[in-house]
S.K.: 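The following block contains the structure, expressed as structure tokens.
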Amino acid sequence: MIIVNYCVSIMLICLGLYAVTMKKDLIKVVIGLGIIDYGVNLFIVSVGFNDGGTAPIYTIAELLNGAASTYFVDPVPQALTLTSIVIGACVDAMALALVVMIYRKYHSINADDVRRIRG
Amino acid sequence: MRFKSGIQERSIVVKCGADSFLPFAVTFGVYIILFGTVSPGGGFQGGVMVASAALLLYLAYGFKNATKALNPEVLRVNEACGATLYVILGMLGIFLGANFCRNVFFNDGQVGDLISAGTITFMGYSVGYKVLTGVGFLLLLMLGLLAPDDDEDEEEEVAVE
Amino acid sequence: MFDYHHFPVIAVMILFLGAFLVEIFGAKNKAVRNTIAIVVAGISTVCIYALIKPVFFDGEVISYWMGNWAPVSGYAIGIGYEVDALNLFFALLTVTTFFLSGIYSIRYMEKDEHLGHYYTLFLMLSGGVLGLVLTGDVFNMFVMIEIMTFAAVALTAFRNRSFGALEGAFKYLALGSIGSSMTLAGIAVLYMSCHTLNMAQLSSILGSQPLNPTTVFAFALMFAGLAVKAFIVPFHTPAADAYMVAPTSVSMMFSGMVNKAGVYGMIRLCYTIFHAMDQSSLQILLVAFGCVTMFVGVTMALAQHDFKRLLAFHSISQIGYVITAIGLSTAVGLSAGLFHAMNHTLFKGLLFLTAGAVLKATGTTNLDKLGGLSKKMPLTTICFLVGAFSISGLPPFNGFASKWMVYQAAYAKAVTTGNFFYAVVTIVAVVVSVMTLASFIKVTQACFFGQCPDSLKDTKEVPFSMRLPMWILSVACLASGVFYNFVYEKVLYPAMVATLNTVKYIDSMMGAGYSAAAGVQNHLVDAPRLSVWDPISWLLLFVICLVAICLVVVLGDKTRGRLSDAEGEPQDGKYATFFGGEHALHSHVGGSDLFWGFKKDFKGYFNVVQGAHDGNVNTYASWVVIATAVIAIFMVIFVK
């Protein structure tokens, strides 16, 4: 239960939400989306921590000596985080591609100009 | 604001750096993919490392030469082949009587060997192949969006307002 | 291989396999691409329809562990797929929608380029939604939500030269990504307290002890995340833009499958995983959200000038009906909600397909520029009228039966609890239904009746493969309205019982006796059979009245129906119809002219609501954040 990790991850999520809701430049909005993802990833990894546990792999030295340690940190949140990192990378890539195309069409990436559909 | 039209000049330092770094990056990435079930790493991590080859080629040689070395159409088709292989390996379990994604062959090795985990090892390899071709294609696609013709005009103005 | 236990996984994986095969083979060759897409969609449809007999009729719950990783000493260690009647209900809606949309898009999209990418994304979207509704693992549900969101965003931006496509896709991606991140954070908090990801085991852990603030916070986050996917107000803004700019076969899939997947997620969350539906605070929250959604959706729809955006707001409003009915947490309410979800897929799919036919034939969806299309496209007009009568709730179509059940459920809840709030809910539901009818009269008049403008003089009817899905959906709308009792007995009653029967859900997945050992019981146990109304006698009465009116008109006075010349001069312009008879020139009453008095009277309200939809991504994101905060605070204080 690492307090620092949880505090930082909540701060990252709030920072990302601030960027998405308050910043007018679309690139900053995309960066905000990325920061929210990183904050959630840090949170998930910290959930699996067991105090005093080792990494959830067997090393060759342990196998040869026959005394494999069994007190691991939880490997399930690590698998969740891997998937989430991939998803975050794909969201950022797709959002940036859309921003490039929006710039070509609208000649501006200010959120106040990119609003032809309203009402 | 206008985008800078690509890398300005092919400096010799960048070319030498990319030339010497590229084999190590690719080899290390392939090692991480191959030993996915034994040590940390696996398909996605190793695949991204191998795909950095596309980025290094772009930085050193420019977009046209990078696409000559790694043809985007071939990369796109290979990505789909890797994904199809993954689904077919998963369906092997159903064809041989068990559930989806069941380890149905090579699954009686020792812990610590290379081929010891069964079908999961090969599914990991196909994921690694898919990711390396897929991320390479993605990088070339986005770089192509930004700087489509940066080779012919090395004397172009720096157009940033 | 043909053991029906494998069919759920085969149905999902074959769609992904088809997507990858289209990517390899289908880039240049049109016949190969269409064949692969239709064959794969057909195999998936057949697999799901073949599960009707074991799951609906015999009442079995299919539980499937991937890789044969069965639970070890009471702990679930694998990814499980579990198909009970509720899952199969939504899966049937999903496969019907994407199969009909696939047939429709063969001719509809033939003039677009990059069609290889279109079919890949189409199959990935279908696979994602089908995986979402069939899975029994909460993280697998999150991954399928992400697949669905990516494919949906890419398909929204597909026609990237058309008006507003790119900005609609960007807003959908930004808000959808926030929703997904909240869902993931909720799953992480839930894992922190329960250490498992399997829905059945979560249900037994959370059902055996009261909820503590950690799990309630996880509930709030997942609730808000799934509400973003179901497009409830105030999370509905990307839906309004995305349904409008996407190609119409894709809009039909959005309104038919994608928001039903969000609704399914909310039902699973509230009823099965958290066992929280017998608390009146949660019922009030869901019903309040449903009412606001109904009302805002239909009032925004009255003010629209674009055909597809109007249909989008009506879609949002009908989902409000579904959420209200589900939130009532009675057996009648739950079956009313499921029935309305099914009917919404059918009639809204039909309406979107007719909008696509109009768009393909005329090239525009602006209601002020259309008119008089009933003479050029008569078959499309008939299908549109069936859809419009269904959504407005006119008998004998299916919209009437399900809306009647919703009113009945809300009124019964008001009587049994004595709470005035539920009486208000009934009144709001009836008023929204009237306004829906008004809005569709406006659309019918603006688009299909009246005079045909000169620019549309040579529109032709759409090809047969586009008309076939419309005919199938029209027949389904009529049949499920007339044979309402059959639908209730065979389809809705098993689905409703399966939702309330948490014990069976847990025991099928984790082994018999697991829920008894954990101390979980079913909460709502009454499930009366109901008979609402008799459609055949109503149809007879309707026909008799119609014949009587026709006789009166035909045999009546010959001067009836003719206008006399007004005293003084005939006026000019568009109001000349009212004074000069049919000798006036272009006398078309456009879509914006109906109900102008209503809109003028409530100008203040319309200005506020329309001004709040200002198209800025920051504003929409701030609504999402504020609504999540409100949900979280409300739940932590009131839900125990």
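Lettering of chains follows the sequences in order, A, B, ..., and the numbering in each one begins at 1. Please read all numbers here as calculations on a predicted model, not as lab measurements. All values below were derived from every heavy atom in this structure, side-chain atoms included, with hydrogens, water molecules and symmetry-related copies excluded.
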S.K.: With a 4.5 angstrom heavy-atom cut-off, could you sort out which part of C/Arg161 is near chain A: side chain, backbone, both or neither?
M.R.: backbone
S.K.: May I ask you to check whether over 12 heavy atoms, not counting those of C/Phe217, lie within 6.0 Å of atom CZ?
M.R.: no
S.K.: Using heavy-atom distances under 4.5 Å, tell me whether C/Met300 contacts chain A through its side chain, its backbone, both, or neither.
M.R.: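 C/Met300 touches chain A through side-chain heavy atoms alone.
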S.K.: Nearest 0.5 Å, what's the CD1-OG distance between A/Ile36 and C/Ser177?
M.R.: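 Here the rounded value is 6.5 Å.
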S.K.: Heavy-atom pairs under 4.5 Å with chain C: which of A/Ile13, A/Asn41, A/Val76 has the most?
M.R.: A/Val76
S.K.: Quick check on C/Phe170 against chain A: is it the side chain, the backbone, both or neither that has a heavy atom closer than 4.5 Å?
M.R.: both
S.K.: Of all heavy-atom pairs between A/Thr21 and C/Ala621, which one has the smallest distance, and what is that distance?
M.R.: CG2-C, 3.7 Å
S.K.: Give, as side chain, backbone, both or neither, the part of C/Leu197 having an atom under 4.5 angstrom from any heavy atom of chain A.
M.R.: side chain
S.K.: Using heavy-atom distances under 4.5 Å, tell me whether C/Ala157 contacts chain A through its side chain, its backbone, both, or neither.
M.R.: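 Interface part for C/Ala157: side chain.
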S.K.: Could you check C/Ile178 against A/Leu17 for side-chain contact (heavy atoms from CB on, under 4.5 Å), going step by step and ending with a plain yes or no?
M.R.: CA-CA 8 Å; C/Ile178 297 181; A/Leu17 284 174; 4.3 Å; yes
S.K.: Taking the side chain from A/Arg115 and the backbone from C/Asp614, do they hold a donor-acceptor pair closer than 3.5 Å?
M.R.: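 A pair under 3.5 Å: yes.
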S.K.: Looking at CG of C/Asn618 and CG of A/Asp25, how far apart are the two atoms once the value is rounded to the nearest 0.5 Å?
M.R.: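 Between atom CG of C/Asn618 and atom CG of A/Asp25 there are 10.0 Å.
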S.K.: Kindly indicate, with the supporting measurements, whether the criterion side-chain contact (heavy atoms from CB on, under 4.5 Å) is fulfilled by A/Ile44 and C/Tyr191.
M.R.: CA-CA 9 Å; A/Ile44 302 176; C/Tyr191 185 81; over 6 Å; no
S.K.: Which residues in residues 602-613 of chain C have a heavy atom less than 4.5 Å from any heavy atom of chain A?
M.R.: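 Under the 4.5 Å heavy-atom cut-off, C/Gln610, C/His613 qualify.
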S.K.: Is there a donor-acceptor pair closer than 3.5 Å between any side-chain N or O of C/Glu167 and the backbone N or O of A/Ile102?
M.R.: no
S.K.: State, yes or no, whether a side-chain contact exists between C/Leu184 and A/Ile87 at a heavy-atom distance under 4.5 Å.
M.R.: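 A side-chain contact is absent here, since even the closest heavy-atom pair is not under 4.5 Å.
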S.K.: Looking at every non-hydrogen atom in both residues, tell me the closest pair between A/Phe43 and C/Ala185 and how far apart they are.
M.R.: CE2-O, 4.2 Å
S.K.: Is it the backbone or the side chain of A/Val29 that comes under 4.5 Å from a heavy atom of chain C, or both, or neither?
M.R.: side chain
S.K.: Taking atom CH2 of C/Trp69 as the centre, does the number of heavy atoms from other residues, nucleotides or ligands within less than 6.0 Å exceed 12?
M.R.: no
S.K.: Once rounded to the nearest 0.5 Å, what's the spacing between atom OG of C/Ser181 and atom CD1 of A/Ile35?
M.R.: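 The OG atom of C/Ser181 sits 12.0 Å away from the CD1 atom of A/Ile35.
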S.K.: Please name the pair of heavy atoms, one in C/Ala154 and one in A/Met94, separated by the smallest distance, quoted to 0.1 Å.
M.R.: CB-CE, 4.5 Å
S.K.: If you tally heavy-atom pairs under 4.5 Å against chain A, which of C/Arg309, C/Met182, C/His195 wins?
M.R.: C/Arg309
S.K.: What distance do A/Phe49 atom CZ and C/Met192 atom CE have between them, rounded to the nearest 0.5 Å?
M.R.: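 CE of C/Met192 is found 14.5 Å from CZ of A/Phe49.
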S.K.: Tabulate, in ascending numerical order, the residues of residues 77-84 of chain A having at least one heavy atom closer than 4.5 Å to a heavy atom of chain C, or enter 'none'.
M.R.: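 Heavy-atom contacts from residues 77-84 of chain A to chain C are A/Pro77, A/Leu80, A/Thr83, A/Ser84.
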S.K.: Can you check whether A/Lys105 reaches C/Leu166 side chain to side chain, under 4.5 Å on heavy atoms?
M.R.: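 In short, these two side chains touch, coming nearer than 4.5 Å.
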S.K.: Determine the minimum heavy-atom distance between A/Met101 and C/Asn160, stating which atoms define it.
M.R.: CE-ND2, 3.3 Å
S.K.: Can you say whether A/Val20 sits under 4.5 Å from chain C via the side chain, the backbone, both, or neither, judging by heavy atoms?
M.R.: both
S.K.: Using 0.5 Å steps for rounding, measure from the CG atom of C/Asp241 to the CZ atom of A/Arg118.
M.R.: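 Going from the CG atom of C/Asp241 to the CZ atom of A/Arg118 covers 11.5 Å.
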S.K.: Which bit of A/Asp74 is near chain C, if near means a heavy-atom gap under 4.5 Å: side chain, backbone, both or neither?
M.R.: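 Just the side chain, heavy atoms under 4.5 Å.
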S.K.: Mind running side-chain contact (heavy atoms from CB on, under 4.5 Å) on A/Lys24 and C/Asn616 for me, showing each step along the way?
M.R.: CA-CA 9 Å; A/Lys24 293 289 178 203; C/Asn616 196 342; 3.4 Å; yes
